[in-house]
Amino acid sequence: MNRITVITLFLLFSLTMMAQDWVVPEDKRGKLSPFNFNDVTRKAGERLYTINCISCHGTPGKGNFLNLVPPPGDPATDKIQHNSDGEIFFKVSNGRGLMPSFKNVLSSNDIWNLISFLRSFKPGYVQSVMTVSKSTAYPGAVIGISFILSPGKDEVQVRITAANEKSSVPVKMPE
Ligand code: HEC
């Protein structure tokens, strides 16, 4: 191979890598924050951003992110903002390549606070908040319902749990 071919192949390879979409599993895309974003959550998010993200992503709106491949991007641009809240949550939690995984560093509330800060750079953003069911039988807990389909079996399992910050218990005799 001559030098031109090698360079061309290298460029093609880099472009393919750069163009590779970061696809978030479908069931994670619609994930929503359990609380409303407001000035307090945005302030908390800004602090977390300065500690954990600014070194690579730069100051939002300044375009001064690090020159990495693929590029981290400026949070004030569509590169980050095109993501749904659930997609940002997934990407920040799991990371990819040079983007670190934060799931063992930040709590999920921290990540939502970060997202509330990031969304302050999206004009016209309207937040959807998770609908939460509560029951007086389980004070303070959030009731979650999941349906489990077993392939090849004619049945659906319904699992109902009441969860709070510390634990999750099956709901007895769901009505
Ligand atoms: C060490 C550098 C680094 C740090 C620190 C970092 N990121 Fe990233 N980030 C990247 C890189 C590089 C990418 C592109 C990854 C890819 O596309 O494979 C990225 C991608 C992302 C994306 C996805 C963008 C897209 O294309 O959809 C989001 C969202 C994001 N970062 C948010 C954050 C947040 C929030 C923090 C702080 C909690 C953070 N990042 C910290 C380097 C970093």
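Every number for a ligand or one of its atoms is a count from 1 in the order of the listing. If you read the sequence from its start, that first residue is 1, and numbering goes on from there. All of these numbers come straight from a predicted model, not from anything done at the bench.
At distances below 3.5 Å, not a single donor-acceptor pair connects side-chain atoms of Glu87 with backbone N or O atoms of Ile80. The main-chain N or O of Val24 is found under 3.5 Å from a side-chain atom of Arg29 such that the two form a donor-acceptor pair. Using modelled atom types, no side-chain atom of His57 and backbone atom of Ile54 make a donor-acceptor pair closer than 3.5 Å.
Using the six-membered ring where Trp is involved, Tyr125 and Phe37 have ring planes that are parallel, under 30° apart on the 30 and 60° scheme.
Considering only heavy atoms from C-beta on, Asn52 comes within 4.5 Å of Phe102 through its side chain.
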Quick check on ligand 1: any N or O pairs to the protein under 3.5 Å? One line per pair.
unit_1, atom_1, unit_2, atom_2, d
ligand 1, 7 (N), His57, NE2, 2.9
ligand 1, 9 (N), His57, NE2, 2.9
ligand 1, 17 (O), Arg96, NH2, 3.1
ligand 1, 18 (O), Arg96, NE, 2.7
ligand 1, 18 (O), Arg96, NH2, 3.0
ligand 1, 26 (O), Lys79, NZ, 2.7
ligand 1, 27 (O), Asn83, ND2, 3.0
ligand 1, 27 (O), Lys91, NZ, 2.7
ligand 1, 31 (N), His57, NE2, 2.8
ligand 1, 40 (N), His57, NE2, 2.7

Mind running side chain to side chain contact (heavy atoms under 4.5 Å, CB included) on Gln127 and Asn36 for me, showing each step along the way? CA-CA 8 Å; Gln127 187 198 2; Asn36 278 302; 3.8 Å; yes
